[in-house]
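When reading the values below, keep in mind they use all heavy atoms of this one structure, side chains included, and skip hydrogens, waters and symmetry mates. The sequence lines fix the lettering, A, B, ..., with proteins before strands; numbering per chain opens at 1.
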2 protein chains.
Amino acid sequence: MRTYGQYCAVAKALDLVGDRWTLLVVRELLARGPCRYTDLRNGLPGIATNLLADRLRDLEQAGVVSREEAPPPVATTLFSLTSRGEELAPVLRELLRWGMPLMQQGPAPDDVFRAQWMAWPATMRLTDREPDAPPVTIQVLADGEPAFLETSGGGVHLTVGRADHPDAVLRGPARVVLGLLTGQIDLDAAAAAGLECEGDRVALERVLPDAVAV
Amino acid sequence: MRTYGQYCAVAKALDLVGDRWTLLVVRELLARGPCRYTDLRNGLPGIATNLLADRLRDLEQAGVVSREEAPPPVATTLFSLTSRGEELAPVLRELLRWGMPLMQQGPAPDDVFRAQWMAWPATMRLTDREPDAPPVTIQVLADGEPAFLETSGGGVHLTVGRADHPDAVLRGPARVVLGLLTGQIDLDAAAAAGLECEGDRVALERVLPDAVAV
DNA sequence: CCGCATCCGGGGCGATACTG
DNA sequence: CAGTATCGCCCCGGATGCGG
């Protein structure tokens, strides 16, 4: 294992999670929970399959990831974060904070996008304004990638995939959807930038953040 | 420039600061302030000089580092963080937090140590218990690397080098000094572990943290 | 299909030498 | 003092193969 050879906490941390792709593997496991190998590959477009296997081995040995064989009938391997791995959440959160301004200019020509990458930025700003009312569900399609928002316990969380009977549907470019969910633009500005919006407007205004000036 | 090609804030951040050595360069500039090239080399033992030059170029183009030619009589180049670069402080802080547990087992056989690597961990826990009393200075020598603590405005900050007339002197292995300054062990335990302690005991107890159980 | 292992080409990285 | 030049090597990226 390659190390910096420095008796410094930052260097020691980077010895374990500083390699290329490593923190992105952790990002996937934090955003989606326990994952199969194939799910990870899908959430890490561009990674070579041998590298993913390498990183999972390294992370397992570092005590960050644990591997469990799911029993039949599933009969697959599930990768999940250990408690030590979940403690990397603040690191990822601050990296996300620092990187958010870079998202405003939109994706590069051949950037890929995945719905789960909205989970953290969204739940950082979204709250349920009427926690005692019946829960609502909002389907989101950003660049065609499906996810849905659900109110629960005063907060809002995002799940990858399609909801059964959503109260509203938001559809548009990832940049616009992300700007809306993170409070950088409001519904009117989003609509002007290409957001399609169907269903219950009240449900939307219940969870969407107030846009703040930048 | 190599990118992950993902429209995700974390990936965009790592595109800029995820390369090997990059965050450690930022660590040095955060801990020491504006630095000369040679200072950086000394604070980054193990880095190849061409890599340091590369990283500084990349960081400059990313808007993280700025380069300024100091006027005569100094006549040298100073590298410093831009405001955007200083916003990486929370990322480094969380990385440090996560890496701290890895420091308890002490340095690896050929780990190097530099005094400025104590600056962040120390100032995270140290406070001046008597902010209205005259300021005190404590010389620290960890593995022979000199630095000194000064009280100022209710806080304590660490500077690399030697103080003129310190009120007390602490000398010992880096692991012990670090454990003491971060409140993992108390003065008695540190003394038992090889810490030498001279000078005004009252000054020490004024700034040292209460040890907490781990 | 899922979870890799193997092979191979290119370039990032590491060490040393050298220079204005 | 602040880099550039050079040269291996191994990490990384991409493709393919392969056992369960």
Side-chain angles (χ1 to χ4, degrees), chain A residues 1-6 11 14-25 28-29 32 34-62 65-80 110-112, chain B residues 1-6 11 14-25 28-29 32 34-62 65-80 110-112:
Chain A
M1 176 188 133
R2 180 143 125 272
T3 83
Y4 284 107
Q6 299 184 357
L14 291 175
D15 280 341
L16 296 184
V17 297
D19 276 348
R20 190 164 166 79
W21 290 106
T22 303
L23 280 175
L24 294 185
V25 173
E28 284 301 301
L29 291 171
R32 303 207 51 181
C35 282
R36 296 176 305 174
Y37 188 88
T38 310
D39 297 331
L40 289 172
R41 274 201 68 176
N42 178 268
L44 296 163
I47 197 174
T49 174
N50 56 350
L51 265 196
L52 179 53
D54 283 352
R55 293 296 177 262
L56 287 171
R57 234 191 319 270
D58 297 343
L59 286 172
E60 197 181 356
Q61 197 194 343
V65 160
S66 76
R67 167 194 319 248
E68 24 184 331
E69 306 293 334
V74 196
T76 185
T77 327
L78 280 185
F79 297 91
S80 52
D110 44 359
D111 269 0
V112 191
Chain B
M1 175 189 135
R2 177 142 127 272
T3 84
Y4 285 106
Q6 300 183 356
L14 291 175
D15 280 343
L16 296 184
V17 297
D19 276 348
R20 191 163 166 78
W21 290 106
T22 302
L23 280 175
L24 294 185
V25 173
E28 283 302 303
L29 291 170
R32 302 207 50 180
C35 283
R36 297 176 302 174
Y37 188 88
T38 309
D39 298 331
L40 288 173
R41 275 200 65 174
N42 178 268
L44 296 164
I47 197 174
T49 175
N50 56 349
L51 265 195
L52 178 54
D54 283 352
R55 292 296 177 262
L56 287 170
R57 240 191 313 270
D58 297 344
L59 285 172
E60 196 180 357
Q61 196 193 344
V65 160
S66 76
R67 171 193 318 246
E68 26 184 327
E69 306 293 334
V74 196
T76 185
T77 323
L78 279 184
F79 297 92
S80 52
D110 44 359
D111 269 2
V112 191

Heavy-atom count around B/Gln61 CD within 6.0 Å, excluding the residue itself: above 12?
->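 Not more than 12 within 6.0 Å, no.
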
Of A/Phe79 and A/Tyr4, the one whose closest DNA chain C nucleotide lies more 5' =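 With A/Phe79 and A/Tyr4 compared, the 5'-side residue is A/Phe79.
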
Working to the nearest 0.5 Å, report the span between CD of B/Glu69 and OG1 of B/Thr76.
->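 One finds 8.0 Å between CD of B/Glu69 and OG1 of B/Thr76.
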
So which of residues 35-46 of chain B are in contact with DNA chain C, with a heavy-atom cut-off of under 4.0 Å?
->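 Close to the strand are B/Gly46.
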
Interface residues of residues 53-61 of chain A with DNA chain C (non-hydrogen, below 4.0 angstrom) |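 Hits under 4.0 Å, by residue number: A/Ala53, A/Arg57.
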
Kindly give the heavy-atom pair with the smallest separation between A/Ala62 and A/Leu16, and that separation in Å.
->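 Shortest heavy-atom separation between A/Ala62 and A/Leu16 comes out as CB-CD2, 4.0 Å.
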
Determine the minimum heavy-atom distance between A/Cys35 and A/Leu29, stating which atoms define it.
->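 Closest approach of A/Cys35 to A/Leu29, heavy atoms only: CB-CD2, 4.0 Å.
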
Could you walk me through whether A/Leu52 and A/Trp21 pass the side-chain contact (heavy atoms from CB on, under 4.5 Å) check?
-> CA-CA 8 Å; A/Leu52 179 53; A/Trp21 290 106; over 6 Å; no

Please set out all donor-acceptor pairs under 3.5 angstrom arising from side-chain atoms of residues 39-51 of chain A, sequence neighbours excluded.
| from | atom 1 | to | atom 2 | distance (Å) |
| --- | --- | --- | --- | --- |
| A/Asp39 | OD1 | A/Arg36 | NH2 | 3.4 |
| A/Asp39 | OD2 | A/Arg36 | N | 3.2 |
| A/Asp39 | OD2 | A/Arg36 | NE | 3.3 |
| A/Thr49 | OG1 | A/Tyr37 | OH | 2.8 |

Enumerate donor-acceptor pairs with a distance under 3.5 Å from any side-chain N or O in residues 53-60 of chain B to protein atoms, sequence neighbours excluded.
| from | atom 1 | to | atom 2 | distance (Å) |
| --- | --- | --- | --- | --- |
| B/Asp54 | OD1 | B/Arg57 | NH2 | 3.0 |
| B/Arg55 | NE | B/Arg20 | O | 2.7 |
| B/Arg55 | NE | B/Thr22 | OG1 | 3.4 |
| B/Arg55 | NH2 | B/Arg20 | O | 3.3 |
| B/Glu60 | OE1 | B/Arg67 | NE | 3.1 |
| B/Glu60 | OE1 | B/Arg67 | NH2 | 2.9 |

Any donor-acceptor pair under 3.5 Å from B/Asp15 side chain to B/Tyr4 backbone =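 Side chain of B/Asp15 to backbone of B/Tyr4: a pair is present.
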
Taking 5' to 3' order, which nucleotide of DNA chain C is first and which is last to have an atom within less than 4.0 Å of a heavy atom in chain A?
->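 The footprint of chain A covers C/dC2 to C/dG14.
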
Boundaries of the DNA chain D segment in contact with chain B, non-hydrogen, under 4.0 Å |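 Going 5' to 3' along DNA chain D, contacts run D/dC1 to D/dG13.
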
Remember a base hit wins even if backbone is also touched, and classify A/Thr77 as base, sugar-phosphate or nothing at under 4.0 Å, heavy atoms.
->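 Answer is sugar-phosphate: A/Thr77 comes under 4.0 Å of backbone atoms only.
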
